[in-house]
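Keep in mind that what you see is a predicted model, and the values were worked out from it rather than measured.
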Amino acid sequence: MQLIYIARMRILTLLALVLLTAPAQADMDRARQAFASGHWQEAASQAEQAGGAEGYAYAARALVAQLMLEPDNPDRRALTRDALDLAEAAYRADNESAEARLRLAISLGYQGRYTSTMRALFLRVPQRGRALLESVVMEDPGNVWALGTLGAWNLEVARRGGTRGMEMLGASVEAGTGFYSQAIALDPGNPALRYFLALGLIALDDPDRTLMAWQQLDIALGLEPRDAFEAGLLAEAVQLEGLSGDRHAATAWAVAQMTQ
């Protein structure tokens, strides 16, 4: 009798887990479909309903995608706060989740756009972002987005802080291009990585790296987008390519994309 009771309890426990997991998985499936088709708010809403580290991190990802692709959105600051809140919720739910740490680091980067350089340093925003990214790469050296975001982190420190900023934070342009190169080698068909590398280098207005920037942009434009996010970035890449004959205009456009 005791064995029968134990078996029944196990079955009931498994059934309860299935009933609890199924709705969350359905929400995540809808979130991924919405993201792939470019419905960022719907993707964020569905993922947030799923909850947990996975759901909150994916919701933050959707809002950051909206921020990247809608530079004229009047609610950018509110969207940034929402993305950061969701990423923090994902991290609280599971601080060992690589995706939660990655999305938190990226959301912190967007928060930094609306924070002065000195205040960001005082609040240790860039330091925290780098530590999160490095922890992901240490555990998973093949995490393409963590590598690419570390590349972006180094290039942004170089742009905003110059030589002094790079010395303070241990950043460099060489490290930035190196991390991007690692990510691109792992996922050569990813147009977003190549576009972001080109954007970061052009924003620096460094003549020594101009050739690399335009080469990467040209390769990106020859790739097929795999979802609405990549399609949106490639549309931006076309705009940037149109400025290739005017160095100053290209730099100003790139900086605007990275500061809005």
Side-chain angles (χ1 to χ4, degrees), residues 44 53 56-71 73 75-140 143-180 183 192-193 196-197 199-201 203-204 254-260:
Y56 294 137
Y58 201 88
R61 178 187 179 188
L63 293 185
V64 169
Q66 184 176 8
L67 285 164
M68 289 182 177
L69 297 175
E70 297 179 7
N73 190 309
D75 299 323
R76 289 183 66 78
R77 294 206 177 198
L79 284 172
T80 300
R81 288 193 297 271
D82 290 344
L84 182 58
D85 287 345
L86 286 163
E88 291 279 18
Y91 185 73
R92 288 194 300 271
D94 183 3
N95 61 15
E96 294 185 1
S97 164
E99 190 65 13
R101 283 176 281 162
L102 172 61
R103 298 305 158 187
L104 179 53
I106 294 173
S107 298
L108 285 168
Y110 260 88
Q111 181 197 43
R113 294 189 178 198
Y114 304 112
T115 309
S116 70
T117 301
M118 291 307 298
R119 180 167 174 76
L121 288 170
F122 177 76
L123 295 174
R124 298 189 62 79
V125 173
Q127 295 93 322
R128 187 185 182 200
R130 179 178 62 181
L132 289 164
L133 294 169
E134 288 177 342
S135 72
V136 174
V137 171
M138 185 176 297
E139 294 171 10
D140 179 11
N143 190 307
V144 167
W145 284 114
L147 287 166
T149 308
L150 270 173
W153 184 93
N154 276 272
L155 295 185
E156 183 64 357
V157 170
R159 186 188 69 80
R160 289 187 63 171
T163 301
R164 185 180 178 190
M166 288 189 284
E167 289 175 351
M168 287 177 62
L169 293 173
S172 71
V173 176
E174 290 74 18
T177 56
F179 282 122
Y180 266 123
L193 293 170
F196 287 138
L197 172 55
L199 190 70
L201 291 176
L204 281 175
V255 170
Q257 293 298 110
M258 299 177 70
T259 54
Q260 290 175 321

So, do [X] and [Y] sit near enough that their side-chain heavy atoms are less than 4.5 Å apart?
X: T149; Y: V136; value: no
X: Y56; Y: R103; value: no
X: L199; Y: M258; value: yes
X: R113; Y: T80; value: no
X: L155; Y: V173; value: yes
X: L147; Y: V137; value: yes
X: M68; Y: Y110; value: yes
X: L108; Y: L84; value: yes

Measure the spacing between [atom1] of [X] and [atom2] of [Y] and express it to the nearest 0.5 Å.
X: Y114; Y: R81; atom1: OH; atom2: CZ; answer: 10.0 Å
X: L133; Y: I106; atom1: CG; atom2: CD1; answer: 7.0 Å
X: L169; Y: R130; atom1: CG; atom2: CZ; answer: 6.0 Å
X: E99; Y: W145; atom1: CD; atom2: CH2; answer: 10.5 Å
X: N154; Y: M166; atom1: CG; atom2: CE; answer: 9.5 Å
X: L63; Y: D75; atom1: CG; atom2: CG; answer: 11.5 Å

Salt bridge flag under 4.0 Å for residues E167 and R164: no
Carboxylate-amine/guanidinium contact E88 R128, below 4.0 Å: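 Yes, this pair counts.
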Determine, stepwise, if the pair R159 / T259 fulfils side chain to side chain contact (heavy atoms under 4.5 Å, CB included). CA-CA 11 Å; R159 186 188 69 80; T259 54; 3.4 Å; yes
Determine the minimum heavy-atom distance between [X] and [Y], stating which atoms define it.
X: A93; Y: A53; value: CB-N, 3.7 Å
X: A152; Y: Y180; value: CB-OH, 3.3 Å
X: A171; Y: V157; value: CB-CG1, 3.7 Å
X: L193; Y: G148; value: CD2-CA, 4.2 Å
X: A62; Y: A44; value: CB-N, 3.8 Å
X: L104; Y: A87; value: CA-CB, 3.6 Å

Distance only, no hydrogens: is a donor on one side chain within 3.5 Å (strictly under) of an acceptor on the other, for R101 and S135? yes
